[in-house]
Amino acid sequence: MQSNQPLISILMPYYRLGQFLVEAVESVKRQTYQNWELLVVDDCSPEMSATSVLAQQTDPRIRLLRHDSNLGVSAARNTAASNSKGEYLLPLDSDDLLEPTYIEKMLRALGETGSSAAYSQVKYFGKFDFIYTPSTRLCDIFSGHYPCNTLLMKREVYDSVGGYKPIAAIEDTEFWISAIESGVKFAFVEEPLYLYRTHEDGLMRMRGSAVAKDFLEVLLSHHHSLSQHLEVVLEKWIEQKAAYYAAQSTSQIDSEISHLQSEYADLRAKYESLEKRVRRNEEMLASLPQLTRQLSYVSLKKAGLR
């Protein structure tokens, strides 16, 4: 190994997915570029701790850390970053894999383009199999074209963004948006070098309402950038919705319309209830001056001053 090769710090959060952890670690060990350190942060997994799963691992480049309580993926990545020593950072989930040439080709792309961060195509495998190409265009990301959770970046990129925000579902999307807004230059390698595992646990997490809620919060927190791309984003949303409805049967569309009407009626009822409460509060506030005068009169009378 050449002494001038920069150290790559790989940030791996871990929680419960012990059946995949060894394979993820092995994909790191198979890298053609070998000057790396792997920081596995056990986010207080209640079963199959990282220490027990990796009990047979003796590579000194692998370091295990553990949270005393469950803090979430963002906190685990930030813990790994704050304990790392590398000039470059590479977030990798404990159920995903890297092709053997991932680090080598990402570093080469950074050097050739003078970029601060690099990413590749993504190969989804497991329950679903397809090739996905992330985008660094804000209008695409705001339209729901989520980027990948892994990229190789200079430490300065992580520092400029301020690390990962405490978001439950799409913390990586927010990170990419912040990096793009800060002017980070990205390099792209058109090869599926990152392997994203699709399995039921991960799919259940992505199906939850937390994803939509967190995405909305991300959009609102980046409202200035969103406003600059709003027209294109709205057009993309309309296209996506039209394509969705075109693929549905008449009964499915009727069912969804009925569901939306029910949700609207529920929201309308809540709105009217809140409106009544606001009116009552306004009436109470309006009567305060008169009530204050009455209380003052009674108090003065009792004191013998009136």
Side-chain angles (χ1 to χ4, degrees), residues 7-86 88-103 106 119-120 122-129 132 148-153 158 163-164 167-172 175 192-206 208:
L7 177 65
I8 311 297
S9 295
I10 302 167
L11 321 176
M12 183 179 289
Y14 168 76
Y15 186 75
R16 280 186 169 166
L17 299 175
Q19 69 272 34
F20 306 129
L21 180 58
V22 172
E23 193 177 356
V25 171
E26 289 298 325
S27 80
V28 173
K29 293 172 68 175
R30 287 194 297 270
Q31 290 298 298
T32 54
Y33 184 95
Q34 285 288 299
N35 192 22
W36 52 261
E37 63 172 354
L38 171 61
L39 297 95
V40 181
V41 178
D42 187 328
D43 193 26
C44 197
S45 181
E47 57 200 39
M48 301 177 72
S49 70
T51 301
S52 63
V53 175
L54 299 177
Q56 304 303 314
Q57 293 288 344
T58 58
D59 193 316
R61 295 172 295 179
I62 300 173
R63 297 162 57 193
L64 304 183
L65 305 168
R66 182 175 170 88
H67 286 161
D68 293 329
S69 58
N70 180 247
L71 302 177
V73 173
S74 294
R77 285 191 187 141
N78 292 337
T79 294
S82 63
N83 285 275
S84 66
K85 303 173 183 176
Y88 292 84
L89 303 180
L90 194 172
L92 170 64
D93 284 354
S94 61
D95 52 347
D96 294 339
L97 307 171
L98 300 176
E99 286 286 1
T101 57
Y102 181 93
I103 296 178
M106 293 298 107
Y119 67 102
S120 72
V122 181
K123 178 176 174 55
Y124 280 66
F125 73 102
K127 197 170 181 65
F128 301 103
D129 294 274
Y132 179 72
C148 182
N149 56 328
T150 286
L151 71 166
L152 180 65
M153 60 183 142
Y158 176 90
Y164 288 87
I167 303 171
I170 53 171
E171 70 293 326
D172 40 13
F175 186 93
L193 300 175
Y194 183 71
L195 309 181
Y196 185 97
R197 189 190 304 269
T198 56
H199 53 90
E200 198 54 43
D201 287 342
L203 292 172
M204 285 178 64
R205 178 172 176 257
M206 292 305 293

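- For S120 (side chain) and P192 (main-chain N/O), no donor-acceptor pair under 3.5 Å exists by modelled atom type.
- Judged by distance alone, the side chain of E99 and the main-chain N or O of Q31 form no donor-acceptor pair under 3.5 Å.
- With hydrogens and angles left out, the side-chain atoms of K29 and Q34 include no donor and acceptor closer than 3.5 Å.
- Remark: the backbone N or O of G86 is not paired with any side-chain donor or acceptor of S84 at under 3.5 angstrom.
- Remark: side-chain polar atoms of R30 are not paired, donor with acceptor, to backbone N or O of T101 under 3.5 angstrom.
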Report the C-alpha separation of N78 and Y158 in whole Å, then their side-chain angles, then the decisive distance to 0.1 Å, and conclude whether the side-chain hydrogen bond (donor to acceptor under 3.5 Å, both in side chains) test is met. CA-CA 9 Å; N78 292 337; Y158 176 90; 2.7 Å; yes

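- Under the side chain to side chain donor-acceptor pair (under 3.5 Å) criterion, S9 pairs with E37, not counting sequence neighbours.
- The main-chain N or O of A76 is never found under 3.5 Å from a side-chain atom of D43 such that the two would form a donor-acceptor pair.
- In this structure Y164 satisfies the ring pair (Phe, Tyr, Trp, His ring centres under 6.0 Å) test together with F175, sequence neighbours excluded.
- Put simply, the side chain of S52 gets close to the backbone of S49: a donor and an acceptor are under 3.5 Å apart.
- For the atom pair CG (L71) and SG (C44), the distance works out to 8.0 Å, reported to the nearest 0.5 Å.
- S94 places no side-chain N or O within 3.5 Å of a backbone atom of Y14 that could act as its donor or acceptor partner.
- Contact check on E171 versus R77 returns a salt bridge, with a Lys/Arg side-chain nitrogen under 4.0 Å from an Asp/Glu carboxylate oxygen.
- The closest side-chain donor-acceptor pair between T79 and S82, if any, does not fall under 3.5 angstrom.
- Scanning both residues, L92 and T150, for their nearest heavy atoms gives CA-OG1, 3.8 Å.
- For the ring-ring contact (aromatic ring centres under 6.0 Å, His included) test with H199, the passing option among Y124, F20, F125 is F20; the others fail.
- For P46, the side-chain contact (heavy atoms from CB on, under 4.5 Å) partners are Y15, R16, not counting sequence neighbours.
- For the pair D96 (side chain) and R197 (backbone), a donor-acceptor distance under 3.5 Å is present.
- Between the side chain of D93 and the main chain of D95, no donor-acceptor pair closer than 3.5 Å is present.
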